[in-house]
Amino acid sequence: MAQAPLDPPVADVAPQVETLTPYDQEHLITYARLLDAEAESADWTEVVRLVLHIDPTAEPARARRAWDSHLARARWMTEHGYRHLLRGDVPN
C-alpha cells in the first residue's frame, strides 16, 4: 500500500459505501486528524477550516456536510474499514 498523502484535497461528501475506496486510502491521515480533533473536543469549524480547507463562514452548509460525512467515514474506518486494510483489500 502506498503512503497516504499528508493533506489531499477533499470532496464535499466522503464515500458512503461498505468497501474501502481509493478515496479512503488517500484520506487515511485526514480521517485520523478528524478523529483526533473530535477526541480533543475541538471546535468543528476550526477543524473544517484547517483539515478540510473549507471556510465555514463563507460556505456553512458545505462545511457542515463535509465535516459530518468525513467524520462518519473516519468512524467507519475504525469500526469496519480497518479490516479491509488488514486483509489487504486495498483498491488500486
Side-chain angles (χ1 to χ4, degrees):
M1 178 172 79
Q3 185 174 353
L6 293 178
D7 199 20
V10 297
D12 286 355
V13 178
Q16 298 176 355
V17 296
E18 292 299 317
T19 59
L20 196 65
T21 69
Y23 185 89
D24 294 322
Q25 186 176 353
E26 184 177 84
H27 289 83
L28 291 174
I29 293 171
T30 302
Y31 296 154
R33 292 175 71 193
L34 295 177
L35 291 169
D36 286 346
E38 181 187 43
E40 303 235 347
S41 300
D43 178 358
W44 77 271
T45 60
E46 290 278 324
V47 179
V48 80
R49 185 183 314 277
L50 295 171
V51 177
L52 303 182
H53 305 290
I54 299 171
D55 181 348
T57 303
E59 300 180 279
R62 177 177 174 237
R64 189 63 200 210
R65 183 174 51 251
W67 164 258
D68 288 340
S69 72
H70 283 82
L71 183 58
R73 192 61 174 182
R75 290 180 184 142
W76 178 85
M77 288 295 295
T78 67
E79 297 166 3
H80 306 284
Y82 76 92
R83 293 183 188 124
H84 297 275
L85 292 173
L86 293 176
R87 286 192 307 251
D89 298 342
V90 179
N92 296 329

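To the nearest 0.5 angstrom, T30 atom OG1 is 12.5 Å from L71 atom CG. Put simply, CZ on R73 and NE2 on H80 are 10.0 Å apart, with the number rounded to the nearest 0.5 Å. For the atom pair CG of D55 and CZ of R49, the computed distance is 4.5 Å after rounding to the nearest 0.5 Å. Atom CD of E18 and atom CH2 of W76 lie 6.0 Å apart (nearest 0.5 Å).
Considering only heavy atoms from C-beta on, V48 stays 4.5 Å or farther from H70 through its side chain. With a 4.5 Å cut-off on side-chain heavy atoms, W44 and D68 do not count as touching. Between V13 and R65 the shortest side-chain heavy-atom distance falls below 4.5 Å. By the 4.5 Å heavy-atom criterion applied to side chains, Y31 and D24 are counted as neighbours.
Counting all heavy atoms, side chain and backbone alike, P9 lies closest to E26 at O-OE1, 4.4 Å. The two residues A63 and P56 make their nearest non-hydrogen contact at CB-CA, 3.7 Å. Residue A11 comes nearest to A66 through the heavy atom pair O-CB, 4.4 Å, listed as atom of the first residue, atom of the second, then distance. Nearest heavy-atom pair, S69 versus A14, reported as atom, atom and distance to 0.1 Å: OG-N, 3.0 Å.
Distance alone, capped at 3.5 Å, places no donor-acceptor pair between the R64 side chain and the T45 backbone. For H27 (side chain) and Y23 (main-chain N/O), a donor-acceptor pair under 3.5 Å exists by modelled atom type.
Checking each of D7, V47, L52, L28 against R33 for a side-chain contact (heavy atoms from CB on, under 4.5 Å) leaves exactly one that passes, namely D7.
Within 6.0 Å of the CD atom in E40, the count of heavy atoms belonging to other residues, nucleotides or ligands does not exceed 12.
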